[in-house]
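Working notes for the structure below.
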Amino acid sequence: DPGTVIKEVKETLRRVPHKGVGYGVRRYLQGKRGKLQPGISFNYLGQLDQTGAISFSTLPGGDPIHLENRRAHDIEITGVVLNQQMNIRFEYPSASWMKEVYELSAAYKRNLQVLLRHCIQKQDPEQTPSDFSADKLTFDELEHITRLAKNL
């Protein structure tokens with residue numbers, strides 16, 4: 001169910017301290033650089049066309065990583081909203097990854113479309129436990145309270 005997925009992701013993200021800013025630095029300083037690194041990284045840069053303070057060049061930018069430098073992840077996914085349009089970029093190390101990345105990006109697009117259709121069709125906003133000040137409120141408790149309130 002897309003609605004359940006959205007609510008769970010929302011709650012998970014709200015539990016991340018400081019919205020994730022400084023996570024890599026803290027991890028490095030605490031010596032928690034694990035041996036296993038994730039194969040995929042996702043970086044959402046935000047909606048950059050809201051302020052008008054940023055403009056982008058149409059000139060080519062060159063390679064984002066020096067050719068002799070090793071990638072930190074096998075696949076890097078970067079998302080950004082520009083000119084009111086979501087742009088997702090998949091970067092991978094070589095042409096041998098093309099089929100797998102194509103399949104991944106097609107699945108990504110399908111799932112994103114399912115979530116978008118769900119959100120567009122919603123008539124009323126739905127709250128999750130983190131929308132309220134009760135720290136230990138669960139999804140089930142919130143559903144029960146909502147049903148009671150509708151019956152008043």
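Numbers for residues simply follow the sequence, beginning at 1.
Partners of Q121 under the side chain to side chain donor-acceptor pair (under 3.5 Å) rule, at least two apart in sequence or in another chain, do not exist in this structure. Residues forming a ring-ring contact (aromatic ring centres under 6.0 Å, His included) with F90 (at least two apart in sequence, or on another chain): Y108. Under the rule for a salt bridge (Lys or Arg N to Asp or Glu O under 4.0 Å), the partners of R14 that lie at least two apart in sequence or sit in another chain are D131.
By the neighbour-count criterion of 12 heavy atoms within 6.0 Å, atom CG of D1 is densely surrounded, having more than that number from other residues, nucleotides or ligands. Counting non-hydrogen atoms of other residues, nucleotides and ligands closer than 6.0 Å to OH of Y102 gives a total of 12 or fewer. Residue Q84 qualifies as open at atom CD: its count of foreign heavy atoms under 6.0 Å is 12 or below.
I88 and L48 sit in two unconnected hydrophobic clusters of ILVMFWY residues. Membership requires side-chain heavy atoms under 4.5 Å apart, directly or through other members. The hydrophobic cluster containing L116 also contains V81, counting ILVMFWY residues as joined when their side-chain heavy atoms lie under 4.5 angstrom apart, directly or transitively.
Residues G3 and H118 approach most closely at CA-NE2, 3.3 Å, considering heavy atoms. Of all the heavy atoms in D74 and P93, the pair that sits closest is O-CD, 2.9 Å. Pairing each heavy atom of P2 with each of V114, the nearest pair is CG-CG1, 3.7 Å.
For the atom pair CG of L112 and CZ of R117, the computed distance is 10.0 Å after rounding to the nearest 0.5 Å. Atom OG in S105 sits 9.0 Å away from atom CD in E103 (nearest 0.5 Å).
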(Q) Using the rule given for salt bridge (Lys or Arg N to Asp or Glu O under 4.0 Å), can you reason through E143 versus K7, listing the C-alpha separation, both sets of side-chain angles and the distance that settles it, and then say yes or no? (A) CA-CA 12 Å; E143 294 276 328; K7 289 181 205 175; 3.8 Å; yes
Q: Please assess L104 against I75 for the test side-chain contact (heavy atoms from CB on, under 4.5 Å), listing each intermediate value before the final yes or no.
A: CA-CA 10 Å; L104 174 65; I75 299 172; 4.1 Å; yes
Q | Residues I77, N43; criterion side-chain contact (heavy atoms from CB on, under 4.5 Å); working and verdict | A | CA-CA 6 Å; I77 305 169; N43 189 12; over 6 Å; no
Q.
Apply side-chain contact (heavy atoms from CB on, under 4.5 Å) to residues F139 and T4 and explain how you reach the verdict.
A. CA-CA 10 Å; F139 277 109; T4 302; over 6 Å; no
Q.
E91 vs R89, test: salt bridge (Lys or Arg N to Asp or Glu O under 4.0 Å). Steps then yes/no.
A. CA-CA 6 Å; E91 295 182 62; R89 180 181 175 136; 3.4 Å; yes
(Q) Apply side chain to side chain donor-acceptor pair (under 3.5 Å) to residues T128 and E11 and explain how you reach the verdict. (A) CA-CA 7 Å; T128 60; E11 290 299 293; 2.4 Å; yes
Q: Let me see the working for E76 and Y92 under side-chain contact (heavy atoms from CB on, under 4.5 Å), right down to the final yes or no.
A: CA-CA 7 Å; E76 296 175 4; Y92 47 96; over 6 Å; no
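Under a 3.5 Å cut-off, the side chain of E141 and the backbone N or O of T138 do form a donor-acceptor pair. Between the N87 side chain and the Q85 main chain, a donor and an acceptor come within less than 3.5 Å of each other.
Residue H144 forms a side chain to side chain contact (heavy atoms under 4.5 Å, CB included) with just one option from L148, L142, T146, and that option is L148.
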